[in-house]
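All figures in this text were calculated on a predicted structure; none of them were measured in a lab.
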Amino acid sequence: MTDAAALPGQPRGGAIDGTGTPRALCVLAPNASPMTLDGTNTWIVAEPDSSLAVVVDPGPLDEGHLRHVVETVERTGRRVALTLLTHGHPDHAEGAARFAELTGTSVRALDPALRLGDEGLAAGDVVTTGGLELRVVPTPGHTADSLSFHLPADAAVLTGDTVLGRGTTVVAHPDGRLGEYLDSLRRLRSLTVDDGVHTVLPGHGPVLDDAQGAIEYYLAHRAKRLAQVETAVENGHRTAPEVVAHVYADVDRSLWPAAELSVRAQLEYLEERGLV
């Protein structure tokens, strides 16, 4: 068995549901798949002595899961006061409107189409509900509307799909763009260097206890894949499906459609820079 401490980011072993930090608790949605890993991580975030909680990414439109999140908050003696979204993909956001009905809360997101209430989210915003401090970090690339949330008191960052607890994420072309994604990874790396962040609370997969190691791995992986795509094109593999079959030959074929999105983003990146 591989030692988790030897894997990128030092993922925590054992069950994902119920893990987190002193201020963040994971409730795992029952939507496991090759793309969502064990399922979507819904995060309950609150100050230890507060009666109010913030929920990040209610997840899919699954009544049982949404009610379980509410019940979990209530068991801690709190109530949900605010809902936040890292991005608009259905496995994170589809249940947000129903969750807002159950809790009477507003939903804040970067994309106006996902908001319920007057307030959105933007770079530099700080969420202070119940004394909590969550700093909004723009991390586009997986999608154009992707955000992360820096939780300084726990030296942690909630990354949505920008950094996963296992494997790597998709640059969801055409909405996702590789150049923006690389910039976002560098922005997150700066949090680990300048702000002492050491824990990643991802949108899927286990908590990572070595944030800098995980992000460095992501950057190295992207550089390697980009070089492989560039070489594949030079060798005559011109279309995205051809590049996927050549570069991702060792990847489960069920993941090839997602890989093709990333390849399209990589080809666009290379073309914009005149490299292919």
Item to complete: Please answer whether the main-chain N or O of L226 pairs with a side-chain N or O of E230 as donor and acceptor at a distance below 3.5 Å.
Response: no
Fill in: S50 side chain to A46 backbone, donor-acceptor under 3.5 Å
no
Item to complete: Determine, step by step, whether R67 and E63 satisfy the salt bridge (Lys or Arg N to Asp or Glu O under 4.0 Å) criterion, reporting the C-alpha distance in whole Å, the side-chain angles of both residues, the deciding distance to 0.1 Å, and the verdict.
Response: CA-CA 6 Å; R67 290 186 178 275; E63 187 75 9; 2.8 Å; yes
Worksheet item: Linking I/L/V/M/F/W/Y whenever any side-chain heavy atoms sit under 4.5 Å apart, do V157 and L147 land together?
Response: no
Worksheet item: Can any side-chain N or O of R135 pair as donor or acceptor with the backbone N or O of D125 at less than 3.5 Å?
Response: no
Item to complete: Examine the side chains of D57 and T86 and answer whether a donor and an acceptor come within less than 3.5 Å of each other.
Response: yes
Discussion item. Give me each pair satisfying ring pair (Phe, Tyr, Trp, His ring centres under 6.0 Å) with a member in residues 119-164, each pair once, sequence neighbours excluded.
Written reply: H87-H142, H89-H142
Discussion item. Apply the hydrophobic cluster definition, ILVMFWY joined by side-chain contacts under 4.5 Å directly or through others, and give me every member besides L52.
Written reply: none
Worksheet item: Are L25 and L28 in one and the same hydrophobic cluster, where Ile, Leu, Val, Met, Phe, Trp and Tyr link if side-chain heavy atoms are under 4.5 Å apart?
Response: no
Practice prompt. Indicate yes or no: at least one non-hydrogen side-chain atom of L158 is less than 4.5 angstrom from one of S148.
Written response: no
Item to complete: Output yes when a side-chain donor or acceptor of T169 lies under 3.5 Å from a complementary backbone atom of D161, and no otherwise.
Response: yes
Worksheet item: Does the side chain of T36 come under 3.5 Å of the side chain of N31 through a donor N or O and an acceptor N or O?
Response: no
Fill in: Step-by-step salt bridge (Lys or Arg N to Asp or Glu O under 4.0 Å) determination, E272 to R177
CA-CA 11 Å; E272 289 173 348; R177 296 175 60 85; 2.7 Å; yes
Discussion item. When you compare the side chain of E119 with that of S106, does any pair of heavy atoms fall below 4.5 Å?
Written reply: no
Fill in: Joint cluster assignment, L178 & V244, ILVMFWY side-chain distance < 4.5 Å
yes
Worksheet item: Do R78 and T76 have side-chain N/O donor and acceptor atoms under 3.5 Å apart?
Response: yes
Item to complete: Scan side-chain atoms only and decide if T159 and T162 contain a donor-acceptor pair under the 3.5 Å cut-off.
Response: no
Worksheet item: Under the ring pair (Phe, Tyr, Trp, His ring centres under 6.0 Å) rule, what pairs show up with a residue in residues 169-217, not counting sequence neighbours?
Response: H92-H204
Discussion item. Less than 6.0 angstrom from the centroid, inside 45 degrees of the normal: does R225 satisfy that with respect to the ring of Y248?
Written reply: yes
Worksheet item: Less than 4.5 Å apart, any side-chain heavy atom of I44 and any of V55?
Response: yes
Fill in: Y218 with V171, same ILVMFWY side-chain cluster at under 4.5 Å
yes
Fill in: Residue that, paired with R98, satisfies side chain to side chain contact (heavy atoms under 4.5 Å, CB included) out of D62, L61, T103
L61
Discussion item. Check this for me: D252, atom CG, are more than 12 non-hydrogen atoms of other residues, nucleotides or ligands nearer than 6.0 Å?
Written reply: yes
Discussion item. If hydrophobic clusters are built by linking Ile, Leu, Val, Met, Phe, Trp and Tyr wherever their side-chain heavy atoms come under 4.5 Å apart, do V27 and L37 end up in the same one?
Written reply: no
